[in-house]
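The structure under discussion appears below in the form of structure tokens.
Scope of the values below: all heavy atoms of this structure, side chains included, with no hydrogens, waters or symmetry mates. Here the structure is a predicted model, which is why all the values come from computation and not from measurement. Note on naming: letters A, B, ... go to the chains in the order of the sequence lines (proteins, then strands), and numbering restarts at 1 for each one.
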2 protein chains.
Amino acid sequence: MLGVWRLQLLREISRRGSIKAAAEAMSISPSAVSQQLAILEREAGVELLERSGRRVRLTDAAQLLVRHADTITGAIAAAEADLASMQQLVIGTLRVAAFPTAARAILPDVMTALSRQHPALRVTLRDLEAAESLTALQMDEIDLAIVDEYDEPARIPDGGLEFCEFMRDPLYLALPPEESSMAGAAVRPSLDPGAAVRPSTAGAAVRPSLDPGAAVRLSDFRDAFWIMDTEDSHLGQVTLRACRSSGFEPHVRSNCKDFSVIIALVEAGLGVGMLPGLAIHDRPVRASIHPTDPPLARRIASVIRPERHSHPMIVSALAELERFGAAYAPPNLLG
Amino acid sequence: MLGVWRLQLLREISRRGSIKAAAEAMSISPSAVSQQLAILEREAGVELLERSGRRVRLTDAAQLLVRHADTITGAIAAAEADLASMQQLVIGTLRVAAFPTAARAILPDVMTALSRQHPALRVTLRDLEAAESLTALQMDEIDLAIVDEYDEPARIPDGGLEFCEFMRDPLYLALPPEESSMAGAAVRPSLDPGAAVRPSTAGAAVRPSLDPGAAVRLSDFRDAFWIMDTEDSHLGQVTLRACRSSGFEPHVRSNCKDFSVIIALVEAGLGVGMLPGLAIHDRPVRASIHPTDPPLARRIASVIRPERHSHPMIVSALAELERFGAAYAPPNLLG
DNA sequence: TTTGGTGAGGAAGCTGAACTTGATTTGCGT
DNA sequence: ACGCAAATCAAGTTCAGCTTCCTCACCAAA
């Protein structure tokens, strides 16, 4: 009979593209993998690996076997999950990946809650961007991914992964604090269209008197300097789109990947910027934070492999995330 | 991870009901099974076997695991089948079971044809009654079962086995040959209702002149002696039912399991009897063979495990059976 | 109750499958 | 040409899993 272990090695070669990489992933030597594959070829009676230079390619037969290996491995995983869910034992190691903001704002809370409820559970955390964590999930390097999604309809065909949105994170416009010396110079909402001037020629425009936490319209800041996320980031693109659909092209002063840098720049009065709520969650900021009108938000979802759906480790973690999402209140808008 | 080999041992225990039996089935020692089960219990973290006296019972968790083991084993078998079908290699050992008549009339032909086409294929044959071969199939002791079915609507819920009817076998009424000295005494169709007398008082009634191979009505033989299959057999019951629905209770002279005995008795002029076509296939009989009006037939089907459906060994065998079924002509009715 | 038979399970030892290490081959880039 | 990187070969080594032999528990018959 075909050896399951050998099939899994083949599967890993297919995933990672080389014997060496597969060997590292399974933490054995490349030689062992090579030998096992030779045995598998004897078992199957077919060539499985084609040497092409110093690399190997999978034959058609091998790819067929990989598909079967996937279902076999899935069936075994399902058995383990069922078993674990039967004994309701939350035990083992839960490997989580989250995008940086979530890793900072959500996970500490969730991880301590999980550890408190299930002392036998170990939780490890990596911070990965959404796309990275999805591939990591498919590579079975993590058990749970926390990803953010900005585009409403989007749901990439992610190879049978299971998404579950557990909270929405509103996007806010951050304005320089009242006391900022440069508030007037940098942020000049054109309350009076006729008074609008180009930022380069910015004078001492009057900052509008806003109630803390009051919603603002982006178009009021058509002439302000904008501190943006990088353009290739989702938030950057969403911000850009929002400005354009409000009828203007923002004057971008700087593109910063790190939200704390954006906050610092805004607090220094150098411009306005969009920030997701989580970026200022539980963190006092001097900048003035305002919801937008119409409101903008990103969706935050958990992603798991479907065969682990009923695993108690996963169930507990998802429940904890749901709890966090339900309790998640907009940040203190009075800052 | 759960060991597949251990899961299969558990599965076998579930099938056969005891560790000893499972050990024999897997051809290892009972001790080895016991040890592997202990390891599996550690892996699963649950009690799997409950000692009840000197026997073991499976716990709920174990039954759950057995179900998963079934799907896992099925997935592996499917992989092997796909692999074999990809390389179109008919090789290995095909273990066939057939009911005795089929084993005699069908299998020699089919086995020689298969061996001729696929020299690397070994075919083994056991003769088992239909019910026995179905359980053997589920026990994975055979790969292919040939079964007969008499009841039209019947199809027992046979645990996901795959049936395929490949031929019908007509049932014939066998009458003593013309030259039989006892023909008149034993077989007295009541052409004239008034002439009917009880067999025990049978005199020298006149045997009707029948064209060889002409269809006959059972009711014409309401007063004849009947040579029947055993009453617990399907054929016996079907015969009995057919007589009753023709409006009479047959006078049973003897119940014989072996068709050749029935033939001999009929040829000796001791009575009439129902015979399936296969029983006289390619075998000269002196008895006079007649289809019935209305016609009766049994259905003959191949049965396999569904995951082997595409295995070339199976495919070839089924094709060969289909060929036999298509070529199967009614036996020589002029005998 | 004793006694013999049967099935589960533990201990010790053996075998072979699968791993590691180190040498060898082969292809590729500089 | 040279060196590096990846796969593979040939050893030696480790350990999972088997067998054999044994004990224990249960049941049935004497």
Base versus backbone protein contacts along nucleotides 16-23 of chain D [heavy-atom cut-off under 4.0 Å; B, S, -]: -SBBB---
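- Rounding to whole angstrom units, CD of residue B/E50 and P of D/dC26 are separated by 15 Å.
- Within a 6.0 Å sphere centred on CZ of B/R55, other residues, nucleotides and ligands contribute 12 heavy atoms or fewer.
- At a threshold of 4.5 Å between non-hydrogen side-chain atoms, the residues B/S302 and B/L144 count as touching.
- We find that A/R305 and A/E141 are not joined by a salt bridge, their nearest charged nitrogen and carboxylate oxygen being 4.0 Å or further apart.
- Between the side chains of A/Q35 and A/S31, at least one donor N or O lies within less than 3.5 Å of an accepting N or O.
- Remark: side-chain polar atoms of A/E80 are paired, donor with acceptor, to backbone N or O of B/L2 under 3.5 angstrom.
- Nucleotides of DNA chain C with any atom under 4.0 Å from a heavy atom of chain B span, from 5' to 3', C/dG5 to C/dA11.
- Between the side chains of B/H234 and B/D148, no donor N or O sits under 3.5 Å from an acceptor N or O.
- You'll find the side chain of B/T101 reaches within 4.5 Å of the side chain of B/F259, heavy atoms only.
- Here the side chain of B/D143 pairs a donor or acceptor atom with the backbone of B/R95 at under 3.5 angstrom.
- In this structure, A/E41 atom CD and D/dA7 atom P are separated by 14 Å, rounded to whole Å.
- When heavy atoms are screened at a 4.0 angstrom cut-off, B/R55 is found touching no nucleic acid atom at all.
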